[in-house]
Every structure is written in C-alpha cells, then in structure tokens.
Protein chains: 2
Amino acid sequence: MDIEQAFGIVLKKYRLERSISQENLAFGAGLDRTYISLLERGKRRPTVNTLFAISKVLNVKPYKLIEDIENLVYINQD
Amino acid sequence: MDIEQAFGIVLKKYRLERSISQENLAFGAGLDRTYISLLERGKRRPTVNTLFAISKVLNVKPYKLIEDIENLVYINQD
DNA sequence: TTGTGACTAAAAGTCCGTG
DNA sequence: TCACGGACTTTTAGTCACA
C-alpha cells in the first residue's frame, strides 16, 4: 500500500472514532473540507506541517499517526 | 520552534550520526542534493512521503523522526 | 455529510551554477 | 562537502459549484 492511501485510511479511522465531520476537522486544522476529503481518498500527499495540524484536532500525537501509517505501508496487509 | 526548523535539525542530526553526505542521502532517497540542504536549513516543508523516503536511507523509523520533531516543537524552547 | 472535477495560487522539488 | 541562489517543472494547497 502506498503512503498517501495509508494516510487516508488512518486519518479517516481517527476522525470517525472521534465522531468529527470532515468539515469540523477542516475548520479546526485551518484547512478546506474538500481537502480533507482528498486526503482521506489518498489523492494528496500532505506536508508534515499538515500532519501536525490534523493531529492537533484529532487529539492524537503526530508520531502515533505515522506509526499507524507505517503499519499499513510496511507490515499489515488488511 | 516551527515544524520545518525542527525537521531540519532532526534530519541533520541523524544524517551526521550516520556520516552520510547530503548528496548520498539525496541519491538514496531519490531527491536532489540542494533540496536536502533546503530541508536542513528549514526552508521547505516536506511531504509525509518525503519523510518516509529520507527515513529509509537514514535507517530510522519515520515515527521516530516525528517524535523527535515533536519534542523540539512542543517542549524545548531553545 | 461527503465525493468529485475543475480550477488558481502556492509550495515542493530539480537543475544549473558559485564561493 | 556544503550554503546559497536563480530559474525552472511538478505537485500540493486551497476553493468552488454541483451531485
């Protein structure tokens, strides 16, 4: 699996766990609603700064998101 | 400290620990020599994909780089 | 509430060079 | 070996109307 796909899956997982809409996540992170949609569908390769902004709203540490992404990219096949 | 500055410091730290030149790091990661220089000087905001590419060459897990960056951005004030 | 195409502005990333 | 810069191409950031 490639990195942007994994990012999208992890992002969506945390967002849904917290019952936040794409729109509210976008607002909190200073991003656009449609951009969150693009990220979740693996259509964009976010910068590290964007990762940090999103992490803050999701109340999860950036390294934890990256760790989950690594697990999808390098280990798990699910 | 902002994220791109922290990224540059962490990147340079790991690169020097491993005695790799900017040029060899760039080659290994499929990037340009001058771009590594820009990153180390905090002049660019790398994508998450770039983080992963660099991590591979430095033989350090991406989440570990991010953790170090967090420590600089959120904790230390130097 | 979200997916999507189409778009412009901005930034990533390359390639040339110098000191 | 690296900092630094100009000029460049490619991709992301960010926005809109619409389904």
Side-chain angles (χ1 to χ4, degrees), chain A residues 1-60 62-63 65-66 68-70 72-73, chain B residues 1-63 65-66 68-70 72-73 78:
Chain A
M1 175 181 296
D2 57 29
I3 293 163
E4 56 269 32
Q5 287 178 319
F7 185 93
I9 289 168
V10 170
L11 167 57
K12 186 166 191 170
K13 182 189 72 174
Y14 279 95
R15 181 177 66 78
L16 293 180
E17 275 178 11
R18 284 151 180 72
S19 302
I20 301 173
S21 65
Q22 289 182 350
E23 186 153 359
N24 282 333
L25 171 56
F27 179 79
L31 299 168
D32 195 83
R33 169 186 79 77
T34 62
Y35 180 57
I36 300 296
S37 175
L38 289 166
L39 287 176
E40 288 191 353
R41 287 177 288 132
K43 303 287 191 183
R44 284 290 189 282
R45 299 177 174 184
T47 62
V48 171
N49 292 63
T50 299
L51 167 77
F52 272 65
I54 287 172
S55 294
K56 206 159 194 174
V57 180
L58 294 177
N59 198 32
V60 56
Y63 87 83
L65 289 180
I66 293 294
D68 286 3
I69 292 164
E70 288 180 45
L72 287 175
V73 172
Chain B
M1 176 182 295
D2 58 30
I3 294 164
E4 55 269 33
Q5 287 177 320
F7 186 92
I9 289 168
V10 171
L11 168 55
K12 186 166 191 170
K13 182 188 72 174
Y14 279 95
R15 182 177 65 78
L16 293 180
E17 275 178 13
R18 284 150 180 74
S19 301
I20 301 173
S21 67
Q22 288 182 348
E23 186 153 0
N24 282 333
L25 172 57
F27 180 79
L31 297 168
D32 195 83
R33 158 184 80 77
T34 63
Y35 183 56
I36 300 297
S37 175
L38 289 166
L39 287 177
E40 287 191 353
R41 287 178 286 134
K43 304 284 191 183
R44 285 290 189 282
R45 299 176 173 185
T47 63
V48 171
N49 291 63
T50 298
L51 167 77
F52 273 65
I54 288 172
S55 294
K56 206 159 193 173
V57 180
L58 294 177
N59 198 32
V60 56
K61 296 204 176 220
Y63 87 82
L65 289 180
I66 293 294
D68 286 4
I69 292 163
E70 289 179 46
L72 288 176
V73 171
D78 53 8

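Protein chains get the first letters and strands the later ones, always in sequence-line order, with residue 1 at the start of each.
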Colleague: Using the rule side-chain contact (heavy atoms from CB on, under 4.5 Å), only one of A:V57, A:N24, A:L25, A:V60 pairs with A:R18; which is it?
Modeller: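 Among A:V57, A:N24, A:L25, A:V60, the one meeting side-chain contact (heavy atoms from CB on, under 4.5 Å) with A:R18 is A:V60.
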Colleague: What residues from residues 34-50 of chain B pass a heavy-atom cutoff of under 4.0 Å to DNA chain C?
Modeller: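 Correct list: B:T34, B:Y35, B:R44, B:R45, B:P46, B:T47, B:T50.
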Colleague: Nearest heavy-atom pair of A:L72 and A:V10: which atoms, and what distance?
Modeller: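 Shortest heavy-atom separation between A:L72 and A:V10 comes out as CD1-CG2, 3.7 Å.
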Colleague: Counting Watson-Crick and G-U wobble pairs with both distances under 3.5 Å, what is the dot-bracket string for DNA chain D, 5' to 3', using [ ] for crossing pairs and | for pairs to another strand?
Modeller: .||||||||||||||||||
Colleague: Starting at atom CD of B:E23, determine the distance to atom P of D:dT1, rounded to an integer number of angstrom.
Modeller: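 Those two atoms, CD and P, are 7 Å apart.
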Colleague: Side-chain contact, heavy-atom cut-off 4.5 Å: A:N59 with A:K56?
Modeller: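 No, every pair of side-chain atoms sits at 4.5 Å or beyond.
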Colleague: Could you tell me the separation between the CD1 atom of A:I20 and the C1' atom of C:dT2, rounded to a whole number of Å?
Modeller: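 My rounded result for the distance is 16 Å.
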Colleague: Ignoring hydrogens, what is the shortest heavy-atom contact between B:P62 and B:S55? Give both atom names and the distance.
Modeller: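 Reported closest heavy-atom pair: CA-OG, 3.4 Å.
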Colleague: For a 4.5 angstrom cut-off between non-hydrogen side-chain atoms, does B:L51 reach A:L51?
Modeller: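 With C-beta onward as the side chain, the pair stays apart.
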Colleague: CZ of B:F27 versus C1' of D:dT1: gap in Å, rounded?
Modeller: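 Distance, rounded to whole Å: 18 Å.
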Colleague: Below the 4.0 Å mark, does D:dA3 have OP1 or OP2 next to a side-chain nitrogen or oxygen of B:K12?
Modeller: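 So the side chain of B:K12 is within the cut-off, an N or O lying under 4.0 Å from OP1 or OP2 of D:dA3.
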Colleague: Main chain of B:K61, side chain of A:E70: is a donor-acceptor contact present, judged purely on distance under 3.5 Å?
Modeller: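 Flag not set: sc A:E70 to bb B:K61 has no pair under 3.5 Å.
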Colleague: Starting at atom CG of B:L25, determine the distance to atom C1' of C:dG13, rounded to an integer number of angstrom.
Modeller: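 Checked: the CG to C1' distance equals 14 Å.
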Colleague: Rounded off to whole Å, could you give me the CG-to-P distance for the B:L31 and C:dC15 pair?
Modeller: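 My rounded result for the distance is 11 Å.
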Colleague: Who pairs with A:D32 by side chain to side chain contact (heavy atoms under 4.5 Å, CB included), at least two apart in sequence or on another chain?
Modeller: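 With sequence neighbours excluded, A:D32 shows a side chain to side chain contact (heavy atoms under 4.5 Å, CB included) to A:T34, A:Y35, given in chain and number order.
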Colleague: Return the value, rounded to whole Å, for the distance between atom CD of A:E4 and atom C1' of D:dT12.
Modeller: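 It is 12 Å, rounded to the nearest whole Å.
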Colleague: Whole-Å distance between C:dG13 C1' and B:Q22 CD?
Modeller: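 Taking CD of B:Q22 and C1' of C:dG13, I get 15 Å after rounding.
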Colleague: Rounding to an integer number of Å, can you tell me how far B:F7 CZ sits from C:dA12 P?
Modeller: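 Atom-to-atom, B:F7 to C:dA12, this comes out as 11 Å.
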Colleague: So, does B:R44 use its side chain to make a donor-acceptor pair with the main chain of B:L39 at under 3.5 Å?
Modeller: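 Checked: no pair found.
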Colleague: When you measure from the side chain of A:R15, which nucleotide among D:dC2, D:dG14, C:dT2 comes out closest?
Modeller: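 For the A:R15 side chain, the nearest candidate turns out to be C:dT2.
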Colleague: Mapping B:L16 and A:R33 to their closest nucleotides on DNA chain D, which lands nearer the 5' end?
Modeller: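 It is B:L16 whose nearest nucleotide is closer to the 5' end.
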Colleague: Any sub-3.5 Å donor-acceptor pair from A:R15's side-chain atoms to A:L11's backbone N or O?
Modeller: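 Checked: no pair found.
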